[in-house]
Each structure stands twice: as structure tokens, then as C-alpha cells.
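Data block below; observations after.
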Amino acid sequence: MDFSVKKLASDAGVFFSRAVQFTQENLGQAEKTELDAHFENLLTRADNTKNWTEKILHQTEVLLQPSPSARVEEFLYEKLDRKAPSRVTTAELLGQYMTEAANDFGPSTPYGQTLIKVGETQKHLGAAERDFIHSSSINFLTPLRNFLEGDWKTIAKERRILQNRRLDLDACKARLKKSKAAEAKAALEGDLWSDEVDKAEHELRVAQTEFDRQAEVTRLLLEGISSTHVNHLRCLHEFAEAQATYFAQSYQYMLDLQKQLGSSRAELFPVGNTDPASQPLSSSPPPATLPVLQVASSNPGEVPLNPVEVTPPVSGTRKARVLYDYEAADITELALFADELITVYSLPGMDPDWLVGERGNKKGKVPVTYLELLS
């Protein structure tokens with residue numbers, strides 16, 4: 001117990017002395033051993049790496065899980081070293097509600113059938129999102145956390161030791177300087193101070209050796225930041241690839257849903273029939289949404305217009321650039337390929353969401369939403 005009290009008192013004295021010394025250095029009242037420029041650059045790069053890694057990690061967590069309460073829950077499970085329960089994504093939950101609503105309204109009704117189609121697509125989107133979150137968490141977030149909780153803590157610890165070694169070195173330099181000044185004064189008075197000077201010089205040599213050794217250890221750790229950047233670069237590529245895969249899957253799911261809804265709507269509201277719910281509330285044209293193969297007609301018995309059999313108008317044709325690939329649903333449509341140029345025009349009675357497209361000797365209906373009309 002007595003030894004512990006003495007050690008505690010000694011540590012407190014050292015801490016106080018270093019605090020006073022550090023304050024004097026900041027005030028310019030004490031000399032400070034400066035590190036070389038390369039070492040300072042290494043320290044700056046390490047600090048920047050730590051700060052930006054923290055910001056990127058936090059914002060990626062927000063991207064993958066926008067709910068703060070869910071992030072806190074996952075953090076607690078991670079700290080308790082327990083596996084977090086599987087969480088249903090918002091898209092999957094929406095798909096589940098749509099499916100249950102379809103069963104309630106009647107899965108054979110038009111509304112119920114559409115709810116089932118959209119609900120299944122939402123479930124696919126949610127599953128793709130969960131795969132993206134899982135892949136990003138393992139391949140991107142985990143390496144960033146490992147750096148902050150492992151390598152960076154080691155670097156910070158060694159930097160604190162180096163700081164203490166530097167303060168000890170500067171204290172020894174100050175004591176040697178005072179001893180030499182006292183020796184010079186004592187020489188004039190006939191006193192001997194050589195023993196004090198020798199002791200101060202010995203302490204300085206020991207302090208210098210310990211400082212150099214710790215500086216080399218810290219330098220090696222700081223130079224390892226380059227390897228950290230290489231590792232994070234590889235993880236960043238994997239994150240971008242996972243995100244690209246997720247968006248590509250989502251895009252394909254929506255394209256498939258778009259075709260299903262387009263064909264089902266054409267069956268529900270054949271040419272000449274009017275769907276009251278689809279009528280616009282104003283005189284402005286309806287927005288271009290899903291490509292619907294529908295032609296307005298006042299005669300219920302009129303045959304749908306086939307653009308392949310018509311002659312293009314003398315005027316009114318224009319060029320259009322294709323934005324996305326489009327697969328023709330039947331022989332009346334024209335398949336499209338991204339970035340190609342085609343000639344388009346409209347015919348009387350056509351659905352405003354569609355145009356007639358021509359490429360060479362091929363002709364067919366094309367959706368307006370897949371085109372960029374050129375002047």
C-alpha cells in the first residue's frame with residue numbers, strides 16, 4: 001500500500017512537471033525539440049486519414065441504414081458481440097402489405113392482380129437492397145472500423161509515448177544547460193560542479209536514445225498508412241461494384257414490372273374503352289409514365305392502329321436519340337438500342353406516350369420515355 005502511494009505521488013509529479021513544460025513550450029518560454037519535415041508530413045497524413053475515414057464510415061452507415069435508432073441497435077449488438085436479428089427492408093415490408101391487401105381485395109380482381117405484381121417487385125427490390133447492405137458492411141465498413149479501432153489506436157498510443165519521450169529529452173537539455181551555467185558560476189567562486197554536469201550529460205544521452213528509438217517505432221507505424229490507403233482503395237472498388245450491381249438489378253426489376261403493367265393495362269382497357277380513373281383532371285396532357293400500348297378511338301369496334309402498315313407524314317418527322325435499350329413486346333413495336341439515332345413521328349389517334357420509330361427499313365411503335373427528341 002505504501003509503495004502504491006509513493007508511485008502514485010511520483011506519477012502525479014511527473015504529470016504535473018510535463019504539463020508545466022508543455023505550457024511553457026506553447027508560450028514560447030521553453031525550448032522544444034522539433035521533428036523533421038518528413039515526420040511532420042507523416043503525422044499530418046495520418047491525422048487526415050483518421051478524420052476522413054471517420055466521416056466516410058459514418059455517412060456510409062447513414063446511407064445503408066437511415067434510421068438512427070436502428071443504427072444504435074446494431075452498434076449495441078456489435079459491442080455485445082451478438083448477431084443482430086435480420087431486419088426486413090422498407091421495400092420488402094411494402095411488398096408484404098401489397099400482397100396482403102391483394103388477398104383481402106381478391107387476387108383475381110384487376111386491382112388485386114396489379115397489387116400482387118407490384119408487391120412481388122418490391123420484395124425483389126428489398127432483397128437486392130439487403131444483399132447490397134450485407135456486402136457493403138463486410139467489404140467496406142468492416143475494414144474502415146478495423147483501422148479506427150486497431151491500427152489507429154496503436155498509432156495514437158505510440159505517439160503519446162513519443163510525446164512523453166520528447167518532453168523528457170527537452171527537460172534533460174534544460175537541466176544540462178542549467179548545470180553548465182551553474183558550473184561556470186561556481187568556477188569563478190572556486191566551487192566544483194563537474195559531477196552535476198556529468199550526471200546531466202548522462203541523463204541527456206539516455207533520454208536521446210529513448211527518444212530516437214520511439215521516433216523510429218512511430219515512424220514505421222505512420223509509414224504503414226500507405227498500406228492502409230491501398231487496402232481502403234480495394235474496399236472502395238468492391239463497394240462501388242456492389243452498388244452498381246444493386247442499381248442494375250433494381251433497374252431490371254422495374255423494367256420487367258413496367259412491361260407487365262403495360263400489357264395488363266392494354267388488356268384491361270382495350271382500344272375504344274375509357275377508364276374513368278385514368279382520365280386527367282385538367283385539359284393538360286397526362287404525364288408520360290408506363291409505356292401503354294393504347295390508341296384512343298371513339299369506335300369500340302375499331303381495329304388498333306398498326307404503325308407498320310402506315311405511311312410516314314410528309315412533314316413532322318424528327319430525329320431522336322435512344323436513352324436505354326428496349327425490347328419489343330410484339331411485332332408492332334421497334335426494338336431500341338441505347339445511343340442510336342432513329343426517325344420518329346406521331347400519327348393521328350396514337351397514345352401520347354408512344355411514337356412511330358423508323359430505323360432503315362424497320363418500323364414500329366417506340367415509348368417516348370426511352371427517347372431524347374432532337375431539334
May I ask you to decide whether [X] forms a salt bridge with [Y], counting only side-chain N to carboxylate O separations under 4.0 Å?
X    : Y    : result
E54  : K50  : yes
R213 : E216 : no
R234 : E238 : yes
E327 : K259 : yes
D47  : R159 : yes
E372 : R321 : yes
R175 : D170 : no

Could you tell me if [Y] and [X] have a donor-acceptor pair between their side chains, going purely by distance under 3.5 Å?
X    : Y    : result
Q208 : D212 : yes
Q96  : E100 : yes
Q122 : Y97  : no

Distance check, rounded to the nearest 0.5 Å: [X] atom [atom1] versus [Y] atom [atom2]?
X    : Y    : atom1 : atom2 : value
T109 : L115 : OG1   : CG    : 7.5 Å
L255 : Q252 : CG    : CD    : 5.5 Å
I116 : T121 : CD1   : OG1   : 12.0 Å
Y370 : L323 : OH    : CG    : 10.5 Å
E210 : N164 : CD    : CG    : 11.5 Å
L64  : Q243 : CG    : CD    : 8.5 Å

Hey, any chance [X] and [Y] share a hydrophobic cluster, counting ILVMFWY side chains that come within less than 4.5 Å of each other, even indirectly?
X    : Y    : value
V344 : F337 : no
L222 : I161 : no
F140 : L63  : yes
V118 : V88  : no
L373 : I342 : yes

Which of these passes side-chain hydrogen bond (donor to acceptor under 3.5 Å, both in side chains) with T343: E358, K319, R318?
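Of E358, K319, R318, side-chain hydrogen bond (donor to acceptor under 3.5 Å, both in side chains) with T343 is met by K319 alone.
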Candidates R166, E158, Q163, R165 - the one meeting side-chain hydrogen bond (donor to acceptor under 3.5 Å, both in side chains) with Q214
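Testing Q214 for a side-chain hydrogen bond (donor to acceptor under 3.5 Å, both in side chains) against R166, E158, Q163, R165 leaves exactly one candidate, E158.
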side-chain contact (heavy atoms from CB on, under 4.5 Å) assessment of L42 paired with I225
CA-CA 9 Å; L42 291 177; I225 292 293; over 6 Å; no
List the steps and the verdict of side-chain contact (heavy atoms from CB on, under 4.5 Å) for K365 and L334.
CA-CA 6 Å; K365 291 182 290 186; L334 178 67; over 6 Å; no
Spell out, as yes or no, whether a donor-acceptor pair under 3.5 Å connects the side chain of [X] to the backbone of [Y].
X    : Y    : result
E120 : K117 : no
S137 : I133 : no
N231 : S227 : no
N41  : A37  : yes

Report yes if some heavy atom in the side chain of [X] is under 4.5 Å from a heavy atom in the side chain of [Y]; otherwise report no.
X    : Y    : result
L261 : L257 : yes
L43  : L35  : yes
T218 : F39  : yes
K123 : T99  : yes
L347 : M350 : yes

Among all residues two or more places apart in sequence or in another chain, which pass the ring-ring contact (aromatic ring centres under 6.0 Å, His included) test with Y253?
H124
H229, NE2: over 12 other non-hydrogen atoms inside 6.0 angstrom
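It does: H229 NE2 has more than 12 such atoms within range.
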Over 12 foreign heavy atoms within 6.0 Å of OH, Y324:
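Not more than 12 within 6.0 Å, no.
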Relative to each other, are the rings of F132 and Y246 parallel, tilted or perpendicular (30° and 60° limits)?
parallel
List the atom of [X], the atom of [Y], and the distance in Å for their closest heavy-atom pair.
X    : Y    : value
A329 : E333 : N-OE1, 2.9 Å
L336 : V322 : CB-CG1, 3.7 Å
A338 : D325 : N-OD1, 2.6 Å
C172 : E203 : SG-O, 3.7 Å
S135 : A242 : OG-CB, 3.8 Å
P143 : N139 : CG-O, 3.6 Å

Check the pair L141, L57 against side-chain contact (heavy atoms from CB on, under 4.5 Å), reporting the backbone distance first and the verdict last.
CA-CA 6 Å; L141 295 183; L57 173 64; 3.6 Å; yes
Start with the C-alpha distance between K199 and S179, add both sets of side-chain angles, then the distance that settles side chain to side chain donor-acceptor pair (under 3.5 Å), and finish with yes or no.
CA-CA 9 Å; K199 181 180 179 181; S179 298; over 6 Å; no
Test side-chain contact (heavy atoms from CB on, under 4.5 Å) on R45 and N48 and set out the steps.
CA-CA 5 Å; R45 186 177 65 159; N48 291 339; 5.6 Å; no
